[in-house]
Amino acid sequence: MKKPPFFLALLLSCPLLLSAQTASNEADMHTFARQFMAAYNSGDHTALEEMYTTDAIRIDTDGETTKGAKQIAAEHAEQLRGNNVTLLIRQNSLHWSDAEHAWVATGTYEVYGKSVVYDIDIDFAGQYSNTMLEQNGEWKIAKSVLQPLAHKDPKVAANIKLYTETWDAIINEGRFELFNEEHFMPDVIMHAEPENVVGIEGMKGYYKSLLSAFSDGQFTVNNIFGEGDQLTKHWTFRGRHTGDFFGVPASGNEVVMTGSTIVRMSPDGRIAEERDFMDNLSILSQMGLVLSPEK
């Protein structure tokens, strides 16, 4: 019996070689996932940084992009600073991507625990897709894309959906008509100083005044999680101060506000109560009204 030509023999052996390589890489990826969890859960930011390529890209669930291993590790550090949480990773698959010219590991993750400041339960999940490169015998993440998964409690998932979509449309699209009884309780209350804002029309008027003070405004919910009828969100607002801000005249300055909000939803899934926490001194400093603490 004649031996098959060399190229045919090589072709016939390729599936076996690819299968063996895939199995080996899958084992490596499972090991990598365990090492990543260990570094994250122990707060080892140096180890986390070393698990990304120098020019790695991370795209979070809000579509925000972070570039560079140092910057990505700093984001992990910031999250861990405010929360006492545990990361759990479940790898689902590994496949070769011709587009990426690399192996891509996919799976799901869950972060659970409590917030340090408010002692509120944290439990959110998502799915990841990591483009992996081998450098000097070590696997590293070159690109990580995160996508949200619905909360395991359908009621909480529905509350998060209505809440985030409502405020995104109101602030980023100027859809003030969404201040209605479909989205808010008639006696909705926002705790504020010197007095609370009460009722749908009160909320509508407050936010019209607030947003009229800024041009090119962009509101982002960085993270949101919930339990029962309670939601907690971490948010960022960016805009140029071009109008009167509750008595503070326009400065023309770029302003970045960050804060957290505790929310109570009604039993039928409408916004019932809010309480914001933010650094007012920083906001006034950016508007040029007071000197920043560093100066």
Side-chain angles (χ1 to χ4, degrees), residues 28-92 94 100 102-136 138-149 151 160 164 220-226 231-236 238 256-261 277-279:
D28 289 346
M29 292 306 107
H30 282 293
T31 299
F32 183 92
R34 288 193 295 270
Q35 292 172 341
F36 191 97
M37 283 190 290
Y40 186 94
N41 293 331
S42 65
D44 191 342
H45 311 129
T46 300
L48 287 172
E49 181 180 337
E50 293 175 352
M51 300 181 84
Y52 292 88
T53 62
T54 304
D55 57 351
I57 295 174
R58 182 177 186 268
I59 303 174
D60 67 18
T61 54
D62 297 311
E64 295 288 327
T65 299
T66 304
K67 297 181 179 180
K70 286 185 179 296
Q71 289 75 15
I72 294 171
E75 282 194 354
H76 290 312
E78 182 62 29
Q79 183 184 47
L80 292 170
R81 186 176 296 115
N83 302 312
N84 179 23
V85 294
T86 298
L87 170 68
L88 178 63
I89 296 175
R90 300 178 182 87
Q91 181 178 301
N92 295 332
L94 179 71
E100 301 281 354
W103 292 94
V104 177
T106 61
T108 61
Y109 66 89
E110 181 180 8
V111 178
Y112 58 91
K114 286 184 177 293
S115 64
V116 172
V117 179
Y118 309 121
D119 196 34
I120 294 175
D121 288 335
I122 297 172
D123 191 351
F124 63 89
Q127 56 189 14
Y128 69 87
S129 176
N130 289 341
T131 301
M132 309 296 298
L133 294 179
E134 193 172 13
Q135 295 182 344
N136 300 321
E138 294 184 349
W139 287 100
K140 296 179 181 289
I141 301 172
K143 182 179 180 181
S144 183
V145 179
L146 307 180
Q147 294 182 334
L149 290 177
H151 194 284
I160 289 174
T164 54
T220 302
V221 176
N222 304 315
N223 200 356
I224 185 167
F225 42 85
L231 301 177
T232 301
K233 76 170 186 275
H234 173 227
W235 52 266
T236 300
R238 293 178 172 86
V256 179
M257 307 180 192
T258 60
S260 298
T261 303
F277 298 87
M278 68 189 85
D279 187 347

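When the shell of 6.0 Å around NZ of Lys114 is examined, it contains more than 12 heavy atoms from other residues, nucleotides or ligands. In Glu134, the CD atom is crowded: over 12 heavy atoms of neighbouring residues, nucleotides or ligands sit closer than 6.0 Å. Within 6.0 Å of atom NZ in Lys140, more than 12 heavy atoms from other residues, nucleotides or ligands are found, so the atom counts as buried in its surroundings.
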So Trp139 and Thr31, side-chain contact (heavy atoms from CB on, under 4.5 Å) or not? Walk me through it.
CA-CA 10 Å; Trp139 287 100; Thr31 299; over 6 Å; no
Evaluate Thr108 against Gln127 for side-chain hydrogen bond (donor to acceptor under 3.5 Å, both in side chains), listing each step before the verdict.
CA-CA 4 Å; Thr108 61; Gln127 56 189 14; over 6 Å; no
I'd like to know whether Asn130 forms a side-chain hydrogen bond (donor to acceptor under 3.5 Å, both in side chains) with Ser144, so could you lay out the CA-CA distance, the side-chain angles of the two residues, the decisive distance to 0.1 Å, and finally the verdict.
CA-CA 4 Å; Asn130 289 341; Ser144 183; 2.7 Å; yes
Which is it for Ile224 and Thr232 under the side-chain contact (heavy atoms from CB on, under 4.5 Å) test, yes or no, and what are the steps along the way?
CA-CA 6 Å; Ile224 185 167; Thr232 301; over 6 Å; no
In sequence, state the C-alpha distance, the side-chain angles, and the governing distance for Thr261 and Trp235, and then conclude on side-chain hydrogen bond (donor to acceptor under 3.5 Å, both in side chains).
CA-CA 8 Å; Thr261 303; Trp235 52 266; 2.9 Å; yes
From CA spacing to verdict: side-chain contact (heavy atoms from CB on, under 4.5 Å), Phe36, Leu87:
CA-CA 9 Å; Phe36 191 97; Leu87 170 68; 3.8 Å; yes
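Taking all atoms of both residues into account, the shortest heavy-atom contact from Gln147 to Tyr109 is O-OH, 4.4 Å. Residues Leu80 and Gly43 come closest through the heavy atom pair CD1-CA, 4.0 Å. Considering every non-hydrogen atom in both Tyr52 and Ala69, the closest pair reads CB-CB, 3.9 Å.
The shortest distance between side-chain heavy atoms of Arg58 and Thr65 does not fall below 4.5 Å.
Under 4.0 Å is where a charged nitrogen must lie from a carboxylate oxygen, and between Lys67 and Asp55 no such pair does.
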